[in-house]
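Okay, structure first, notes after.
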Amino acid sequence: MNAAAPISPVSHISPVSRDALLAQLRDAVGAAHVLTDDQATRRFRKGHRTGEGPVLAVVRPATLLEQWKVLQAAVAADRIVIMQAANTGLTGGSTPDGNQYDREIILMNTLRITGVQVVRGGEQVVCLPGATLDRLEQTLIPFNREPHSVIGSSCIGASVLGGICNNSGGALVRRGPAYTELALYARVQGDGTLELVNHLGIELGQTPEDILTRLQNGSYTEADVRHEPERAASDARYAQDVRAVDADSPARFNADPSRLFEASGSAGKVCLFAVRLDTFPKEPSTVFYIGSNAPEDLTAVRRHLLTALPRPPIAGEYIHRTAFDIGEKYGKDTFLLIDRFGTARVPAAFALKSKWDGFFERLGMRGFVDHAIQAATRLLPSHLPRRVRQWRDLYEHHLLVRVSNDQVEATRTFLAEHFAPAHTAGGWFECDADEGRKAFLHRFAIAGAAIRYREVHRSEVEDIVALDIALRRNDREWVEQLPQDVERDVVHKLYYGHFFCHVFHQDYIVKKGVDPLAMEHRMWELLDERRAEYPAEHNVGHLYVAKPALAGFYQSLDPTNTFNPGIGHTPRGRNWQECNHASGGWPKGYSESA
């Protein structure tokens, strides 16, 4: 089956009862993997940073065929389906958002369906729904290759398919957003027909049962894997896009229509079974640590290294001093966990913490685990290298630059000339392997640190407003200046991000009593004035508005609004109707011109 073909019709109005549906689901995956108790479902229906809502059941299939059977049952029963893998998203896009839906929700968690299949001698891989970035990275080590993303969300166990569904950007400058045109997925057509679409480029048979079973078992040969040059398995043009430093538009953002294709950017509006992706040669590299009190220094570094080197740097990550401090104090446990045990242990640690959080919440002791962890880590010595801590004291703005070793000399020469002895605003040093690794790990512990700060300081903090923005490539005024009426409502501002891509994460820890939603909408106005695009790489979830082109893409994929309704503030009702008891739709004041 190489293209879409109807499989089975379903009715929009079904008499299937809760009990009958739950019985079908238990028959499909086993009773132990159909969770209905509030405590058992908590870590699945509550987002990593935001979002939470009730579900009829969390279902955890172990095979692709079980996933198909669960989907068939849910669609036939006219229930909502929310697809979820690692549940590490930052905008609540893989969980329910409140209870304002017109149908019950089946949340399908796919982490049990592990599998990374290497094809074409390691130049490509086929990833199943439960494949994590960490597992993919480990699989490619014998081939001396690496995946699209090797840092960033991989630190908290993110899934490969989640990255594709959200066009996740990652930190690697040359590779751009996660993207492929080779995927195996199911969708529901406007007449309620469920269909399986095999655009994976692999001959696997004709029926869903054959296709899914053969793929699960790897029962195909290299001869079955077609070379289709017209279908991309990565974003080949991004390396040139990011080097256009004088372009008056962002290099990447989630609503870019040129990077929306079937599963890529779908945000869970289809049921994804597998993707086929390019891999990349692993290169020896060196990290340079740069600090300055003058933002224009970092601008000069970015523009020179992107345009003057034969190839762009591998990565360029920004940290503001406040983000550095919050990350050092409140992200220490995440740092130490990954540093000592690797990223493979992180999902289990998160699941265990969620379990204990739920236990203490039932006792009226919300935040107890966070307080306990924070008290314990406070007793430990600093985990950051000495020179990194020295640079924190000297400079407000920090930039971590990783270059391949064949470009170290050119980078070193430029930095020595730019930060000459007479230059007093900034400085740099060349990291050894341990310093470079820990500097980047510190950068990626910062996002979780904001969440810890909120939980530990509940009496002072209302919530976090987390923005994910892409500035124009030619924008030299990248340091944000907030109006006084906004500044006074903020406890801390955390600025960090992918500096060479001009993608920034801006977390505002909001004072107690301040309306975070009102502040977020005020921030949107400021970003519109700067002609920024948002979100840049975490996708809309339930926090951002899906702009018309993106909302139209969602509706074309899912005309009955079966999958993940309400995403991007779109309508939540069946067939894209407003729910009688839900706000849904576009937020007040939103227009296409915004």
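- In this structure Glu430 satisfies the salt bridge (Lys or Arg N to Asp or Glu O under 4.0 Å) test together with Arg412, sequence neighbours excluded.
- No close placement of the Phe500 and His498 rings is indicated, their centers lying 6.0 Å or farther apart.
- Looking only at atom types and distance, the side chain of Tyr238 has no donor-acceptor partner in the side chain of Arg174 under 3.5 Å away.
- Legend: residues meeting side chain to side chain contact (heavy atoms under 4.5 Å, CB included) with Arg386, ordered by chain and number and at least two apart, are Arg389, Gln390.
- The ring pair (Phe, Tyr, Trp, His ring centres under 6.0 Å) check on His398 picks up Tyr289, Phe324, with sequence neighbours excluded.
- Qualifying side-chain hydrogen bond (donor to acceptor under 3.5 Å, both in side chains) partners for Arg303, counting only residues two or more places apart in sequence or in other chains: Asp246.
- Side-chain polar atoms of Tyr496 and Glu317 form no donor-acceptor pair below 3.5 angstrom.
- Contact of the Arg437 side chain with the Asp339 side chain is registered, since non-hydrogen atoms from C-beta on lie closer than 4.5 Å.
- Evaluation of the salt bridge (Lys or Arg N to Asp or Glu O under 4.0 Å) rule for Asp97 yields Arg572 as partners, not counting sequence neighbours.
- For the residue pair Asp297 and His418, a side-chain donor N or O sits within less than 3.5 Å of a side-chain acceptor on the partner.
- Side-chain contact check for His542 versus Thr50: every heavy-atom pair is 4.5 Å or farther apart.
- Scored by the salt bridge (Lys or Arg N to Asp or Glu O under 4.0 Å) test, Lys269 finds Asp558 as partners (sequence neighbours excluded).
- Residues satisfying the side-chain hydrogen bond (donor to acceptor under 3.5 Å, both in side chains) test with Asp406, not counting sequence neighbours, are Arg311, Ser404.
- Under the 4.5 Å side-chain criterion, counting only non-hydrogen atoms from C-beta, Tyr544 is in contact with Trp524.
- When the side chain to side chain contact (heavy atoms under 4.5 Å, CB included) test is applied to Val479, the partners found at least two apart in sequence or on another chain are Pro295, His397, Gln481.
- Every residue two or more places apart in sequence or in another chain that forms a salt bridge (Lys or Arg N to Asp or Glu O under 4.0 Å) with Glu146 is listed here: Arg175.
- A salt bridge links Lys547 to Glu533: at least one charged side-chain nitrogen sits closer than 4.0 Å to a carboxylate oxygen.
- Applying the side-chain hydrogen bond (donor to acceptor under 3.5 Å, both in side chains) criterion to Lys353, with sequence neighbours excluded, gives Asp357, Asp370.
- Note on Asp235 versus Arg259: salt bridge recorded, some NZ/NE/NH1/NH2 to OD/OE distance being below 4.0 Å.
- Between the Glu537 side chain and the Val503 main chain, no donor and acceptor come within less than 3.5 Å of each other.
- Judged as a ring pair (Phe, Tyr, Trp, His ring centres under 6.0 Å), and not counting sequence neighbours, the contacts of His304 are Phe414.
- When the ring pair (Phe, Tyr, Trp, His ring centres under 6.0 Å) test is applied to His457, the partners found at least two apart in sequence or on another chain are Tyr330, Tyr453.
- Taking the six-membered ring where the residue is Trp, His502 and Phe499 present perpendicular rings, their angle passing 60° and hence far from 30°.
- No close placement of the Trp356 and Phe368 rings is indicated, their centers lying 6.0 Å or farther apart.
- A donor-acceptor pair under 3.5 Å is absent between the side-chain atoms of Arg452 and the main chain of Asp333, judged by distance alone.
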